[in-house]
Amino acid sequence: MWYWLFKYVLIGPFLRLVARPHVVGLSNFPPTGPVIVAANHLAVVDSLVMVLVLPRRVTFVAKEEYFTGTGIRGCVQRWFFSATGQLSIDRRGGAASVSALDEAVAIVGAGGVWGIHPEGSRSRDGLLHRGRTGVMRVALATGAPVLPLALRGTDRVNPPGARLWRPGKVDVVVGQPLALSRFSADSPTDVREATDHLMATLSRLSGQQYVDSYTQRAA
């Protein structure tokens with residue numbers, strides 16, 4: 001209930017007014033069935049814009065700190081992310097992230113939509129950074145289609161460090177499902193190459209320059 005209330009009443013209308021999102025390629029988004037939506041990451045508001053423009057419920061992984069904060073802000077963040085059904089992920093990677101990826105497998109296995117930012121954290125320099133392989137580990141294990149989604153302009157609506165959103169124009173480009181049949185879930189090399197293929201597609205759709213290094217973790 002809270003997910004739809006935030007989308008259509010509490011946050012969505014204001015965000016639509018401020019960000020004025022223009023969407024291209026929405027016909028690539030399947031009306032039913034499992035799908036993984038993988039997007040670049042420029043601002044905190046990115047996931048909210050994705051929720052606003054995609055017609056189905058999207059479940060994301062969110063950094064663990066959103067669920068473990070203290071004080072009033074920590075309590076509000078924990079309630080918001082829990083109430084909207086988001087997943088906590090330990091960004092140290094490896095075994096620490098397995099439980100969240102297991103939940104992602106369950107989401108797509110049940111025919112749902114899993115949203116993820118493969119960079120793992122917001123880009124601080126505006127470049128598109130090396131992707132983490134969790135998205136492709138889930139995709140290749142489940143056979144769920146992966147849709148690349150490019151966001152442009154969210155960093156102007158929600159500049160790094162800014163407390164308030166600013167009026168702007170956001171472009172959203174939903175790409176076609178990636179061709180992944182040549183990659184195997186059992187091959188770490190294939191998983192890495194599939195992830196690089198995704199990031200190259202996101203670079204083309206977003207217009208961002210790609211750099212083969214992980215982004216620094218934003219606070």
Side-chain angles (χ1 to χ4, degrees), residues 15 18-25 36-54 58-66 69 77 81 86-94 96-97 100-101 104 114-139 146-175 178 191-219:
L15 179 58
V18 172
R20 295 179 291 131
H22 175 255
V23 186
V24 175
I36 299 170
V37 182
N40 59 326
H41 201 8
L42 293 168
V44 174
V45 79
D46 288 342
S47 297
L48 296 179
V49 171
M50 290 170 66
V51 165
L52 184 66
V53 302
L54 296 178
V58 185
T59 300
F60 294 90
V61 291
K63 62 182 182 180
E64 187 181 38
E65 292 89 332
Y66 286 145
Q77 285 181 337
F81 285 97
Q86 309 314 308
L87 307 177
S88 169
I89 189 168
D90 188 323
R91 295 189 295 174
R92 291 175 296 175
S97 303
L101 295 182
W114 179 43
I116 184 170
H117 298 290
E119 290 168 277
S121 191
R122 303 188 304 278
S123 172
R124 294 186 173 190
D125 53 17
L127 302 175
L128 185 73
H129 288 261
R130 181 177 173 90
R132 300 183 185 274
T133 59
V135 57
M136 284 303 170
R137 283 190 279 155
V138 173
V146 177
L147 260 65
L149 184 147
L151 297 156
R152 306 172 185 163
T154 52
D155 52 338
R156 293 190 295 272
V157 171
N158 180 203
R163 292 181 175 272
L164 300 176
W165 295 341
R166 301 175 182 178
K169 183 73 171 63
V170 171
D171 291 313
V172 182
V173 181
V174 183
L178 297 181
V191 172
R192 179 71 258 170
E193 289 182 357
T195 305
D196 292 344
H197 173 49
L198 166 63
M199 303 313 292
T201 304
L202 285 176
S203 176
R204 176 175 57 81
L205 294 177
S206 68
Q208 290 173 275
Q209 180 182 342
Y210 176 76
V211 290
D212 193 24
S213 62
Y214 292 116
T215 185
Q216 295 182 354
R217 290 176 180 172

Check: Ignoring hydrogens and geometry, is there a side-chain-to-backbone donor-acceptor pair from Asn158 to Val45 under 3.5 Å?
Finding: yes
Next item on the list: Indicate yes or no for a side-chain donor-acceptor contact from Arg166 to the backbone of Arg156 under 3.5 Å, with no hydrogens or angles considered.
Entry: no
Note to self: If I take atom CZ from residue Arg132 and atom CZ from residue Arg137, how far apart are they, to the nearest 0.5 angstrom?
What the structure shows: 11.0 Å
Item checked: Distance, nearest 0.5 Å, that separates CD1 of Ile36 from CG of Leu147 -> 10.0 Å
Check: Less than 4.5 Å apart, any side-chain heavy atom of Val37 and any of Leu54?
Finding: yes
Note to self: Side chains of Trp114 and Val58, heavy atoms from C-beta outward: is any pair under 4.5 Å?
What the structure shows: no
Check: Is any side-chain heavy atom of His22 closer than 4.5 Å to a side-chain heavy atom of Lys169?
Finding: yes
Notebook entry, point to check: Counting distance only, does the side-chain N/O of Gln209 pair as donor-acceptor with the main-chain N or O of Leu127 below 3.5 Å?
Noted result: no
Note to self: Please determine whether side-chain contact (heavy atoms from CB on, under 4.5 Å) holds for the pair Val135 and Leu198, giving the CA-CA distance in whole Å, both sets of side-chain angles, and the decisive distance to 0.1 Å.
What the structure shows: CA-CA 10 Å; Val135 57; Leu198 166 63; 3.8 Å; yes
Checklist line | Thr154 to Ala43 - nearest heavy-atom pair and separation | finding: O-CB, 3.6 Å
Notebook entry, point to check: So how far is it from Leu128 CG to Asp212 CG, rounded to the nearest 0.5 Å?
Noted result: 11.0 Å
Notebook entry, point to check: How about Ser206 and Leu151: do any of their side-chain heavy atoms sit closer than 4.5 Å?
Noted result: no
Note to self: Assess the residue pair Val51 and Phe60 against the criterion (side-chain contact (heavy atoms from CB on, under 4.5 Å)); give the C-alpha distance rounded to whole Å, side-chain angles, the decisive distance to 0.1 Å, and a yes or no.
What the structure shows: CA-CA 10 Å; Val51 165; Phe60 294 90; 3.6 Å; yes
Checklist line | With sequence neighbours excluded, residues passing side chain to side chain donor-acceptor pair (under 3.5 Å) with Ser123 | finding: Asp125
Margin query: Ignoring hydrogens, what is the shortest heavy-atom contact between Ala39 and Leu202? Give both atom names and the distance.
Written below: C-CD1, 4.1 Å
Note to self: If you define the side chain from C-beta out and look only at heavy atoms, does anything of Ser213 sit under 4.5 Å from His129?
What the structure shows: yes
Note to self: Quick one, Val172 and Val49 - any side-chain contact, counting heavy atoms below 4.5 Å?
What the structure shows: yes
Note to self: When you compare the side chains of Asn40 and Gln208, does any donor N or O come within less than 3.5 Å of an acceptor on the partner?
What the structure shows: yes
Next item on the list: Could you walk me through whether Arg152 and Val170 pass the side-chain contact (heavy atoms from CB on, under 4.5 Å) test, one step at a time?
Entry: CA-CA 6 Å; Arg152 306 172 185 163; Val170 171; over 6 Å; no
Next item on the list: Please assess Leu149 against Val173 for the test side-chain contact (heavy atoms from CB on, under 4.5 Å), listing each intermediate value before the final yes or no.
Entry: CA-CA 6 Å; Leu149 184 147; Val173 181; over 6 Å; no
Notebook entry, point to check: What distance separates Leu15 CG from Trp165 CH2, expressed to the nearest 0.5 Å?
Noted result: 4.5 Å
Check: Looking at OG of Ser47 and CD1 of Ile116, how far apart are the two atoms once the value is rounded to the nearest 0.5 Å?
Finding: 10.5 Å
Next item on the list: Sequence neighbours left out, what passes ring-ring contact (aromatic ring centres under 6.0 Å, His included) with His117? Give chain and number order.
Entry: His41
Next item on the list: Indicate yes or no: at least one non-hydrogen side-chain atom of Pro167 is less than 4.5 angstrom from one of Val157.
Entry: no
Checklist line | Nearest heavy-atom neighbours spanning Thr215 and Ser121 | finding: CG2-O, 3.4 Å
Margin query: Quick test of your reading: applying side chain to side chain donor-acceptor pair (under 3.5 Å), list the pairs with at least one residue in residues 194-204, sequence neighbours left out, ordered by first then second residue.
Written below: Arg192-Asp196
Item checked: Closest approach of Met199 to Tyr210 (non-hydrogen atoms, all atoms of both residues) -> CB-CE1, 3.8 Å
